[in-house]
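Just so you know, residue 1 is the first one in the sequence shown, and it goes up from there. This structure is a prediction, so every number in the text was calculated from the model and none was measured. Computed from heavy atoms alone, side chains included, the values below leave out hydrogens, waters and symmetry copies.
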Amino acid sequence: MIEVIVVMTILMVATLLFSTTVASVSGQQALDRENIIAVEATRTFIERLRDENFGQIVALYNADDSDDPDGPGTAPGARFAVDGLDPGDAPDGLIGEVRLPLVEVSSAPNPVRQELRENAVDPTLGTPRDLSGDSIIDGADHTDDYTLLPIEITLRWSGKAGVRELRTFTTLCEFQWN
């Protein structure tokens, strides 16, 4: 009888360990799936940026609709959707965001607009930094003459483990050969 009780106890402990392991693995698979979707979406977005006309990236992916190359409201803008990830409480349902080293400035006719400035202090984007390639870091607007463009891409979604975030930093460059 004691042997049966010992064997039953061992079987119960083994079953409990096995079920805990299976539950943990299935939860990890859901997290891995989310991570794969997020990384792939970021990689694809960076490739899309590389396919754009380099001189128009700022106008295409900033939050200002008034400077869109093909007219107001025609550019993709600073936010984008990612299929397969839950936007959670994002008001526009878009979990992706592009951030460029832009500074808001007051100017007529728009009360606020954005300019690409080399002297803007943003350690996450590595600025201040010479973006125009003239070896001078100045406070001028370089929206039309940049050769380096630091970019932050953030994905924020509601996942199996709560609110998740993936931040990716890259720098695009247009080489000019003389």
Side-chain angles (χ1 to χ4, degrees), residues 28-105 110 112-133 137 139-176:
Q28 186 60 43
Q29 286 177 337
L31 290 175
D32 289 346
R33 180 183 166 284
E34 290 175 7
N35 290 341
I36 289 168
I37 291 170
V39 168
E40 185 62 21
T42 302
R43 187 196 63 75
T44 301
F45 190 81
I46 291 171
E47 289 303 319
R48 187 167 89 191
L49 288 173
R50 289 182 178 152
D51 286 342
E52 297 288 1
N53 176 327
F54 186 78
Q56 293 182 345
I57 291 174
V58 171
L60 289 169
Y61 294 98
N62 66 14
D64 183 4
D65 288 346
S66 67
D67 66 350
D68 294 351
D70 293 329
T74 60
R79 298 187 50 80
F80 60 96
V82 175
D83 292 335
L85 296 177
D86 180 4
D89 62 355
D92 54 7
L94 305 176
I95 69 165
E97 183 175 6
V98 180
R99 196 167 70 81
L100 305 167
L102 299 170
V103 174
E104 288 189 357
V105 295
N110 299 326
V112 176
R113 68 183 184 92
Q114 296 179 327
E115 292 182 351
L116 184 67
R117 296 223 179 144
E118 296 175 329
N119 66 345
V121 178
D122 189 337
T124 59
L125 289 174
T127 59
R129 184 178 193 177
D130 177 21
L131 302 176
S132 63
I137 297 175
D141 181 13
H142 290 281
T143 303
D144 296 324
D145 68 350
Y146 58 91
T147 58
L148 285 178
L149 187 59
I151 299 172
E152 176 184 358
I153 300 167
T154 303
L155 302 183
R156 192 172 293 110
W157 70 96
S158 179
K160 299 290 183 188
V163 176
R164 309 272 318 276
E165 181 177 277
L166 172 67
R167 292 174 62 194
T168 304
F169 300 90
T170 190
T171 300
L172 298 182
C173 178
E174 180 175 61
F175 292 104
Q176 296 178 355

Self-check item: Sub-4.5 Å side-chain heavy-atom contact between E174 and Y146
Solution: no
Quiz item: Are any of the side-chain heavy atoms of P69 and Q56 separated by less than 4.5 Å?
Solution: yes
Quiz item: Roughly how far, to the nearest 0.5 Å, is CG of L94 from CZ of R79?
Solution: 5.5 Å
Practice problem: Please tell me if the side chains of T127 and V121 come closer than 4.5 Å, counting only heavy atoms from C-beta onward. | Solution: no
Quiz prompt | Where at least one partner belongs to residues 77-102, residue pairs that pass ring-ring contact (aromatic ring centres under 6.0 Å, His included), sequence neighbours excluded | solution = F45-F80
Quiz item: Which distance, rounded to the nearest 0.5 Å, do you find between the OH of Y61 and the CG of L100?
Solution: 10.5 Å
Quiz item: Looking only at heavy atoms, which two atoms of D64 and D67 are closest? And how far apart?
Solution: O-OD1, 2.7 Å
Self-check item: Stepwise side chain to side chain contact (heavy atoms under 4.5 Å, CB included) test for L31 and R164
Solution: CA-CA 10 Å; L31 290 175; R164 309 272 318 276; 3.4 Å; yes
Quiz item: After noting the C-alpha distance and the side-chain angles of T168 and I46, does the key distance pass the side chain to side chain contact (heavy atoms under 4.5 Å, CB included) rule?
Solution: CA-CA 10 Å; T168 304; I46 291 171; 4.2 Å; yes
Quiz item: Can you tell me how far the CG atom of D144 sits from the OG atom of S132, to the nearest 0.5 Å?
Solution: 12.0 Å
Quiz item: Hey, does C173 have a side-chain heavy atom less than 4.5 Å from the side chain of T147?
Solution: no
Quiz item: D68 side chain to D70 main-chain N or O, any donor-acceptor pair under 3.5 Å?
Solution: no
Quiz prompt | Spacing of D130 atom CG and E118 atom CD [to the nearest 0.5 Å] | solution = 5.0 Å
Quiz item: Nearest 0.5 Å, what's the CG-CZ distance between N119 and R129?
Solution: 15.0 Å
Practice problem: Look at atom CZ of R48 and say whether more than 12 heavy atoms of other residues, nucleotides or ligands are closer to it than 6.0 Å. | Solution: yes
Quiz item: Does D51 CG have over 12 foreign heavy atoms under 6.0 Å away?
Solution: yes
Practice problem: For residues R117 and L102, determine if any side-chain heavy atom of one lies less than 4.5 Å from a side-chain heavy atom of the other. | Solution: no
Quiz item: With distance as the sole test, does D122 use its side chain to make a donor-acceptor pair with the main-chain N or O of P101 at under 3.5 Å?
Solution: no
Exercise. With rounding to the nearest 0.5 Å, note down the distance linking NZ in K160 to CG in D32.
Key: 13.0 Å
Quiz prompt | Over all atoms of both residues, closest heavy-atom pair of D141 and L116 | solution = OD1-N, 3.2 Å
Exercise. Determine, step by step, whether V103 and V105 satisfy the side chain to side chain contact (heavy atoms under 4.5 Å, CB included) criterion, reporting the C-alpha distance in whole Å, the side-chain angles of both residues, the deciding distance to 0.1 Å, and the verdict.
Key: CA-CA 6 Å; V103 174; V105 295; 4.3 Å; yes
In a table with atom names and distances, give each donor-acceptor pair under 3.5 Å that connects a side chain of residues 148-159 to protein atoms at least two apart or in another chain.
residue, atom, partner, partner atom, Å
E152, OE1, R99, NE, 2.7
E152, OE1, R99, NH2, 2.7
E152, OE2, T154, OG1, 3.2
E152, OE2, R167, NE, 2.8
E152, OE2, R167, NH2, 3.1
R156, NE, E165, OE1, 2.8
R156, NH2, E165, OE1, 2.6
W157, NE1, E34, OE1, 3.2

